[in-house]
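These notes are about the structure you will find just below.
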Amino acid sequence: MIAEVIVDVAAYPIDRPFDYAVPAEWESVMEPGLRVKVPFGPRKVVGYVTAIKMHSELDSGKIKPVLEIIDLEPVLSTELLALSKWMAAETIAYEIDALQVMLPAAMRAKYEKIMRVVKPELLDDSFREFLGNREQVSLKALQDAHLLNEVKKYSEQGIVQIDTAIQQKTKMKKVRMIHIPDTAHLESALEETHSNAKKQVELLQWLLLHPSKSMEASEIMNKSGVKANVLKALLDKQVIEQSQVEVYRELDAPKMRDSGKPEQLTDEQQSALSAIEQASDKKKQETFLLHGITGSGKTEVYLQAIDHVLKKGKEAIVLVPEISLTPQMTARFKGRFGELVAVLHSGLSSGEKYDEWRRIHRGEVKVAIGARSAVFAPFTNLGLLILDEEHESTYKQEESPRYHARDVAIWRADYHRCPVIFGSATPSLESYARATKDVYTLLTLTKRAKQQALPEVQVVDMREELKTGNRSMFSVALADGIRQRLERKEQIVLLLNKRGFSSFVLCRDCGTVVECPNCDISLTYHRSSESLKCHYCGHEQPVPIECPECASEHIRFFGTGTQKAQEELYKLVPEARVIRMDVDTTSTKGAHERLLHDFGEGKADILLGTQMIAKGLDFPRITLVGVLAADTSLHLADFRAAEKTFQLLTQVSGRAGRDQLPGEVVIQTYDPEHYAIELSKTQEYVPFYELEMDRRRQLGYPPYYFVTVVQFSHEDVLKAADYAHKGTSFLMEQLSSESVIIGPTAAAISRLNNRYRYQCLVKYKQEPALVPVLQKLLKHYKTSWAKDGLVMSINREPTAIF
Ligand code: ADP
Ligand code: ZN
Ligand code: ZN
């Protein structure tokens, strides 16, 4: 018997299955989807069995044997093996990468399989003899004793259980705290310390000058300048004491308000649900685009659709853009389906994630909720897949394999012949275009479920504020609104729109942003050369000293941080309690949930943050939402800038007035007439869609064209440019004249980690040669360019082009 194995070595000529001989005693155990250890050159490596066959084309002398079987049950089903093949081809990635992305990270860590005896009385005598008085034995030992066949039989009968002992990569984070005695004790210790022990004296003096009950060891060393051995000396003398303290404690998700009972659906919800149930009953792959305004009850439709498929004994996957941002949503699913739900939370340790994965693999749960990679949840009888907020760019993985969860969801639904739901208040243009062409079935919810009115939206022109002498970040309208809410003890959300890497130049007097004359895209400001560049077409010009429209001198680089905003907010309303939420305040484990929890409990009046606060918040006392600068995302150097702005404004506006109290939204901008801002006021998606589609068609952007970006980076700027030229010319020669090839141009971030970055854009409607040509290019790169230090990446349908 021969096993075809993909080995864990990501390198060019190795990207194919290799044949290995299966020792006769393992023939009944060997299956596709198992992990094995095999010899590869001088090494032993892990590999995935992708197929079994009786004969190899190779000489039997050349075939090496499988050395070890890691799993007894396949970790990848036939379905997932087929999916990985498709994904590797589609995204131009290594098969090994496509296989590994489907498994929890812990399975790539160090692991050991253990067999545990559950019913010792049912074991054969010889097996019991082998065990002696051990209750558990590693699978490796069993393999060495030639007992795998028995173990498999016992495991199927439930006599033994196979578990994995993993060496955890991520442990609970702890810090060393030093407990410092009072001044009197320190002084007497100082007297007792011999003056020869200079460093100890120095440390004691420092501690006397910095009175504190306790401090982190690292902080003491950093600030006092003494080394660890000095600290240890004082510890040994018991002058100071130490203990290990856990840094973060887990907090429960904010209290959910879901009773666990299904709601009586509105007519709109009901007809959406019926369509989904029908597809499910007919065992039909059908993709639904559920377009419903914020608060229209999309989640309730998901819950009841899942209920329907669970009753038929099937399983469901729910994807959310970023699981840690949606504690309220996951609470609702748990409230409804209880123990049947596995949450693949990004805050879990790799061991915990692996446990959740195993609960799915063993069929103990029926619903998996998680971010992008949960789309690979190892269910075998899928009945429904859901992508909430389907327009979010986090559904695209931006490293190899560069897959989009949307495509994978449709692939799996096709395999299981079941429906898929893409839900959003602001669908991506791609999806909505497909729905208008009946590729997807459009379901629409036009009213809020609890009949609340949409919040009232006011757009404030910041140019006018400047004219009247208001130079602060807060317009008069927003400042008044904030004070009023503080008086009424209602809550406020302030969004500081800060996105991506974009930096642009804006005129504060007239709102003009300098755009590329060729591409209708904001030019990116490059500080080093004091110039403006277009990274779509390469156009470059100096930063103007006066506004090309109104000749004002108030034209400059635009951008503010959350910290600055917090300081200004403090000047405006010093009495307000503010929670700031941005990358700095949420970098620790559980911080995000904790901050949201506190806000939900009313421990703060104002939540100030970046777009991470735009999603999923459902707090009844929020009655005012302020957007400090809508322009930031409007002028992203990205053809999707308007779409992203519309999405963000609609999302964040949807946070206000979700319960009894009516909501109000204030959007501050230098460009109040822009259609993305204008139409987000009333959440008018369809008119926005039509205008934006028109613009995309005129300029030849997606969804009218497909886009592939090839990026080249090198430490040497000349080499980076040279290879970018070579790659671009190659594509020009090889692709049909139907394809438009743009570049090479400097990337928006032209230098990252000391590497210079160039890119080339391919735009096409139909290009049958694309994949084979890209594969040829990849081969060039792998076999020669890579050796010269070049890094090249191919990204089909990128969500943003940096
Ligand atoms: P969306 O996901 O579209 O933003 P949700 O499903 O979160 O909307 O619904 C918004 C609110 O309306 C929630 O508090 C939810 O419990 C409630 N809700 C949803 N459907 C109904 C219904 N049919 N009747 C009453 N309340 C509902
Ligand atoms: Zn101007
Ligand atoms: Zn351009």
Side-chain angles (χ1 to χ4, degrees), residues 256-270 272-273 290-305 318 320 326 328-329 331-333 335-336 386 388-390 421 423-426 443-452 454 463 466-467 505-524 532-541 544-556 615-620 637-639 650-651 653-655 657-660 670-671 683 699-701 742-743 745-746 748 761 801:
M256 55 186 195
R257 289 182 292 129
D258 193 86
S259 60
K261 281 207 309 281
E263 302 276 359
Q264 178 72 41
L265 295 185
T266 64
D267 290 349
E268 284 182 334
Q269 284 174 315
Q270 185 57 54
L273 179 66
L290 179 58
H291 172 217
I293 60 168
T294 55
S296 59
K298 295 183 289 295
T299 312
E300 188 60 37
V301 174
Y302 304 154
L303 288 163
Q304 299 201 19
V318 183
V320 290
T326 43
Q328 288 186 315
M329 173 130 174
R332 277 173 79 182
F333 279 80
R336 199 68 61 93
I386 297 169
D388 189 37
E389 311 285 3
E390 68 89 30
I421 311 174
S424 177
T426 51
L443 305 169
T444 315
L445 307 178
T446 57
K447 297 186 210 62
R448 281 191 150 181
K450 291 193 273 196
Q451 314 299 325
Q452 322 87 315
L454 281 172
R463 296 169 303 187
L466 191 67
K467 277 186 198 145
V505 164
L506 174 130
C507 168
R508 316 263 157 152
D509 279 318
C510 76
T512 292
V513 168
V514 190
E515 289 186 342
C516 173
N518 314 319
C519 305
D520 195 19
I521 279 175
S522 310
L523 291 173
T524 305
L532 294 171
K533 289 183 190 171
C534 173
H535 60 272
Y536 278 61
C537 73
H539 171 86
E540 182 172 349
Q541 66 183 60
I545 37 175
E546 61 180 37
C547 173
E549 294 296 323
C550 75
S552 157
E553 287 160 21
H554 294 137
I555 183 160
R556 65 180 95 99
K615 271 173 249 157
L617 293 187
D618 191 2
F619 295 120
D638 180 350
F639 66 83
T650 307
Q651 289 294 337
S653 302
R655 302 308 115 211
R658 291 175 73 85
D659 208 60
Q660 308 295 332
Y670 290 89
D671 196 357
Q683 299 206 8
L699 294 160
Y701 290 128
I742 307 168
T745 63
L761 242 71
I801 303 170

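Numbering of ligands and ligand atoms starts at 1, following listing order. In this text the structure is predicted, and so the values were computed from the model without any measurement. Atom set for the values below is all heavy atoms of this structure, side chains included, hydrogens, waters and symmetry mates excluded. Counting begins at 1 with the first residue of the sequence.
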Selected option - heavy-atom contact closest to atom 17 (C) of ligand 1, from Met329, Glu268, Lys450 =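 Heavy atom nearest to atom 17 (C) of ligand 1 belongs to Lys450.
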
N/O donor-acceptor pair under 3.5 Å between [X] side chain and [Y] backbone:
X	Y	value
Glu268	Thr446	yes
Gln660	Pro620	no
Glu549	Cys510	no

I need the contact type for [X] against ligand 1. Using non-hydrogen atoms and a strict under-4.0 Å cut-off, is it side chain, backbone, both or neither?
X	value
Arg448	neither
Arg332	side chain
Lys298	both

What is the distance from atom [atom1] of [X] to atom [atom2] of [Y], rounded to the nearest 0.5 Å?
X	Y	atom1	atom2	result
Ser552	Arg463	OG	CZ	12.0 Å
Thr426	Glu389	OG1	CD	6.5 Å
Ser296	His291	OG	NE2	8.5 Å

Please indicate whether any nitrogen or oxygen in Ala449 is less than 3.5 Å from any nitrogen or oxygen in ligand 1.
->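 N/O-N/O distance under 3.5 Å: no.
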
Strictly under 2.8 Å, is any N, O or S atom of Cys516 next to the Zn ion (ligand 3)?
->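 Checking Cys516: at least one N, O or S atom is under 2.8 Å.
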
To the nearest 10 degrees, how large is the angle at the Zn ion (ligand 2) between Cys550 SG and Cys547 SG?
->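 For SG of Cys550 and SG of Cys547, the angle centred on the Zn ion (ligand 2) reads 110°.
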
Look at ligand 1 and say whether Gly295 reaches it with a heavy atom at a distance under 4.0 Å.
->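 The answer is yes: ligand 1 sits under 4.0 Å from a heavy atom of Gly295.
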
N, O or S from His554 under 2.8 Å to the Zn ion (ligand 2) =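 Of the N, O and S atoms in His554, none lies under 2.8 Å from the Zn ion (ligand 2), which means no.
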
Could you walk me through whether Gln269 and Glu263 pass the side-chain hydrogen bond (donor to acceptor under 3.5 Å, both in side chains) test, one step at a time?
-> CA-CA 10 Å; Gln269 284 174 315; Glu263 302 276 359; over 6 Å; no

Numbered atoms and elements of ligand 1 in range of Gln264, under 4.0 angstrom, heavy atoms =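 It comes down to these atoms of ligand 1: 22 (C), 23 (N), 24 (N).
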
Show which atoms of ligand 1 fall inside a sub-4.0 Å distance from at least one heavy-atom site of Glu300.
->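 Checking each atom against Glu300, I get 6 (O), 19 (C), 20 (N).
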
Salt bridge flag under 4.0 Å for residues Glu300 and Arg336 =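 Looking at Arg336 together with Glu300, the answer is yes, because their closest N to O distance falls below 4.0 Å.
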
